[in-house]
Visitor: 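Shown below is the structure under consideration.
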There are 2 protein chains.
Amino acid sequence: MREKELRRSMSVLPIGTVMKLTDLTARQIRYYEQQDLIKPVRNEGNRRMYSLNDIDRLLEIKDYLDDGLNISGIKEVYKKQSQLEDERKKNLKKGLTDSDVRRILQDEFLNIGGLKPPSSTFDNPNNFNKFNH
Amino acid sequence: MREKELRRSMSVLPIGTVMKLTDLTARQIRYYEQQDLIKPVRNEGNRRMYSLNDIDRLLEIKDYLDDGLNISGIKEVYKKQSQLEDERKKNLKKGLTDSDVRRILQDEFLNIGGLKPPSSTFDNPNNFNKFNH
DNA sequence: AATCAATGTCATAAAATATAACATTAGCTA
DNA sequence: TAGCTAATGTTATATTTTATGACATTGATT
C-alpha cells in the first residue's frame, strides 16, 4: 500500500490537465496556491506540476467554497487537520496506537466532573486523565 | 475495481512527464506510436496525452527491446495478445467462463488422434505425445 | 457608497511540443 | 567489405501551453 501512496503524491500533471480534472480555471488554481492551500512542485522549466493528491485537495476546496466557506476558513480546517495529524504521529512515536488513544479519551470522559470510580480495584491504573489542552 | 481501470486509461500526462517516467526520449516515444505500438490521445492543441496504461506499455516495449526483440516482433506479441483477448471476450459472451474453456481444451486434447478412451487401465492417461505444433 | 475576497481578462515572455528533414549507429546480408 | 535497414539522434520552425503581473469585474458585507 506504500507504493500507491507514492503514486498519488507524484507530481506529474500539468496545470492544463488539472483544469480539466477539477473544472477550475488556471487563475483559481494559482490563487489557491498563493493562499497556501496547495503547493505544486515546479519542474526544471518552472512549470507547476500536480499530483493526484493535489487534485483531491482542489476538489475539496471547491466543495468547501460551494458550501459557503471562505478561503481563510478552509485554511483553518487544514490547519486543524495537520495538527491532529501531528499529534497522531507523536502518539505513535510514544508507542501508543490509535485504539490506545481512544481508550484514554474514553477514560477521560468517564472521570469528567471529578467523580470517583465506583470500586477501587481496576480503575485508571496509569493515571490517564489529568490532561491540560 | 472499474473506477481504477478508468483512472489508468485516462489520458492526462504530457510527453515530458512520460519521458521522465519511462526514461525514453520524445523521439523514441513518437517512433513507437508511429509503429502503432501505442496510441496517445491528442488534446485540443494537438498535444499528445498519455495514460498510465500507456506508461506500462512503454516500459514493456523497453523491456522487450532490451531483450533483443525488435519492433515487429513486439507488434506480433501484442497482436497475439489481443487475439487471445478477443477470443476470451467472445467465449464470455457465449456464457463460458475461463475454467469452462480450460476444461474444453483438455477434452480436445484427450481425443486427439481419434483415440477411443483406453480400456486398458493406466496407460498414458492423457495421451501426451502426438502433438503437432 | 466603500471595501474586500474571489475571479476574470489581457499582455508579454519563456517553456514545451509537433513536425519534418537529415544524420548517425549498429547489426545484418549479399 | 560494402550496402542496407531499424532505431535513434539532431536541428530548425511553427504552434501551444504556461508563468507572471497588472488591471478589471463581481458580489457580499459593512
Side-chain angles (χ1 to χ4, degrees), chain A residues 10-79, chain B residues 10-79:
Chain A
M10 288 181 47
S11 298
V12 293
L13 306 172
I15 200 170
T17 294
V18 178
M19 292 172 64
K20 283 178 200 156
L21 293 181
T22 62
D23 204 37
L24 293 168
T25 65
R27 183 69 166 90
Q28 289 174 301
I29 297 168
R30 296 195 195 106
Y31 182 66
Y32 303 153
E33 174 186 354
Q34 190 183 329
Q35 301 298 317
D36 294 315
L37 290 178
I38 47 173
K39 198 160 189 19
V41 162
R42 300 296 184 109
N43 72 2
E44 319 73 49
N46 198 37
R47 264 74 183 122
R48 292 171 177 86
M49 301 299 287
Y50 299 84
S51 69
L52 290 178
N53 282 332
D54 291 328
I55 303 284
D56 286 344
R57 168 67 65 108
L58 286 168
L59 292 174
E60 251 182 41
I61 292 171
K62 234 177 70 150
D63 284 344
Y64 281 134
L65 288 174
D66 285 347
D67 288 352
L69 207 54
N70 67 9
I71 289 198
S72 58
I74 299 176
K75 258 192 264 197
E76 285 182 39
V77 169
Y78 288 137
K79 185 162 59 177
Chain B
M10 289 180 45
S11 298
V12 293
L13 307 172
I15 200 170
T17 294
V18 177
M19 293 171 64
K20 281 178 201 159
L21 293 181
T22 62
D23 205 35
L24 292 168
T25 65
R27 183 68 165 91
Q28 289 174 301
I29 296 168
R30 297 196 195 105
Y31 182 66
Y32 303 152
E33 173 185 355
Q34 189 183 331
Q35 300 298 317
D36 294 316
L37 290 178
I38 47 173
K39 198 159 189 19
V41 163
R42 299 296 183 110
N43 72 1
E44 320 72 50
N46 197 37
R47 264 76 183 122
R48 292 171 177 86
M49 300 301 284
Y50 299 84
S51 69
L52 290 179
N53 282 332
D54 290 329
I55 302 283
D56 285 344
R57 170 67 65 108
L58 286 169
L59 291 173
E60 251 182 40
I61 292 172
K62 235 177 65 147
D63 284 344
Y64 280 134
L65 288 174
D66 285 346
D67 288 352
L69 208 53
N70 65 11
I71 288 197
S72 56
I74 299 176
K75 259 191 263 197
E76 285 184 38
V77 169
Y78 288 138
K79 186 161 61 177

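We use all heavy atoms of the structure for the numbers below, so side chains are in, but hydrogens, waters and symmetry mates are not. Sequence lines set the chain letters: A, B, ... in the order given, protein chains first and strands last, and positions in each chain run from 1.
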Visitor: To the nearest 0.5 Å, what is the distance between CD1 on Ile29(A) and NZ on Lys62(A)?
Guide: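 So the CD1 of Ile29(A) and the NZ of Lys62(A) are separated by 10.0 Å.
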Visitor: What residues form a side-chain contact (heavy atoms from CB on, under 4.5 Å) with Val77(A), not counting sequence neighbours?
Guide: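 Expected list: Tyr64(A), Leu69(A), Gln81(A).
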Visitor: How would you list, by chain and number, every residue that makes a side-chain hydrogen bond (donor to acceptor under 3.5 Å, both in side chains) with Ser11(B), sequence neighbours excluded?
Guide: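 Not a single residue meets the side-chain hydrogen bond (donor to acceptor under 3.5 Å, both in side chains) criterion with Ser11(B).
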Visitor: Name each donor-acceptor pair under 3.5 Å that joins a side chain in residues 17-26 of chain A to protein atoms two or more places apart or in another chain, with its distance.
Guide:
residue, atom, partner, partner atom, Å
Thr17(A), OG1, Val12(B), O, 2.8
Lys20(A), NZ, Glu44(B), OE2, 3.0
Thr22(A), OG1, Val18(A), O, 2.7
Thr22(A), OG1, Leu24(A), N, 3.3
Thr25(A), OG1, Gln28(A), N, 3.1
Thr25(A), OG1, Gln28(A), OE1, 3.3

Visitor: Could you give the distance from CG (Leu58(B)) to CD1 (Ile38(B)), rounded to the nearest 0.5 Å?
Guide: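 Between Leu58(B) CG and Ile38(B) CD1, I get 4.0 Å after rounding to 0.5 Å.
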Visitor: What is the first contacted nucleotide of DNA chain C and what is the last, in 5' to 3' order, if contact means an atom lying under 4.0 angstrom from a heavy atom of chain A?
Guide: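 First-to-last contact on DNA chain C, by the 4.0 Å heavy-atom rule, is dA5(C) to dA16(C).
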Visitor: Heavy atom of residues 52-70 of chain B under 4.0 Å from DNA chain C: which residues?
Guide: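 Of all residues in residues 52-70 of chain B, none places a heavy atom under 4.0 Å from DNA chain C.
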Visitor: Using the test salt bridge (charged side-chain N to carboxylate O under 4.0 Å, His left out), find all partners of Arg48(A) that sit at least two apart in sequence or belong to another chain.
Guide: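 For Arg48(A), the residues satisfying salt bridge (charged side-chain N to carboxylate O under 4.0 Å, His left out) (neighbours in sequence not counted) are Glu33(A).
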Visitor: Quick one: list whatever passes side-chain hydrogen bond (donor to acceptor under 3.5 Å, both in side chains) with Asp36(B), sequence neighbours left out.
Guide: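 Applying side-chain hydrogen bond (donor to acceptor under 3.5 Å, both in side chains) to Asp36(B) gives none.
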Visitor: By a strict heavy-atom criterion of less than 4.0 Å, which residues belonging to residues 21-48 of chain B are in contact with DNA chain C?
Guide: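 Heavy-atom contacts with DNA chain C come from Arg30(B), Arg42(B), Asn46(B), Arg47(B), Arg48(B).
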Visitor: Quick one: does Ile74(A)'s side chain get under 4.5 Å of Tyr32(A)'s, heavy atoms only?
Guide: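 No, every pair of side-chain atoms sits at 4.5 Å or beyond.
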Visitor: Not counting sequence neighbours, which residues clear side-chain hydrogen bond (donor to acceptor under 3.5 Å, both in side chains) with Glu60(B)? List them please.
Guide: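 In terms of side-chain hydrogen bond (donor to acceptor under 3.5 Å, both in side chains), with neighbours along the sequence ignored, Glu60(B) is linked to Tyr78(B).
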Visitor: Below 3.5 Å between N/O atoms, which protein atoms pair up with nucleotides 26-30 of chain D? Just atom names and distances, please.
Guide:
none

Visitor: Can you sort out the partners of Asp56(B) under side-chain hydrogen bond (donor to acceptor under 3.5 Å, both in side chains), two or more places apart, ordered by chain and number?
Guide: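 side-chain hydrogen bond (donor to acceptor under 3.5 Å, both in side chains) list for Asp56(B), sorted by chain: Arg8(B).
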Visitor: State the NZ-CD1 distance between Lys75(B) and Ile71(B), to the nearest 0.5 angstrom.
Guide: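 Here the rounded value is 7.5 Å.
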Visitor: Apply salt bridge (charged side-chain N to carboxylate O under 4.0 Å, His left out) to Asp63(A) and list each qualifying residue two or more places apart in sequence or on a separate chain.
Guide: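 Listed in chain order: nothing, the list is empty.
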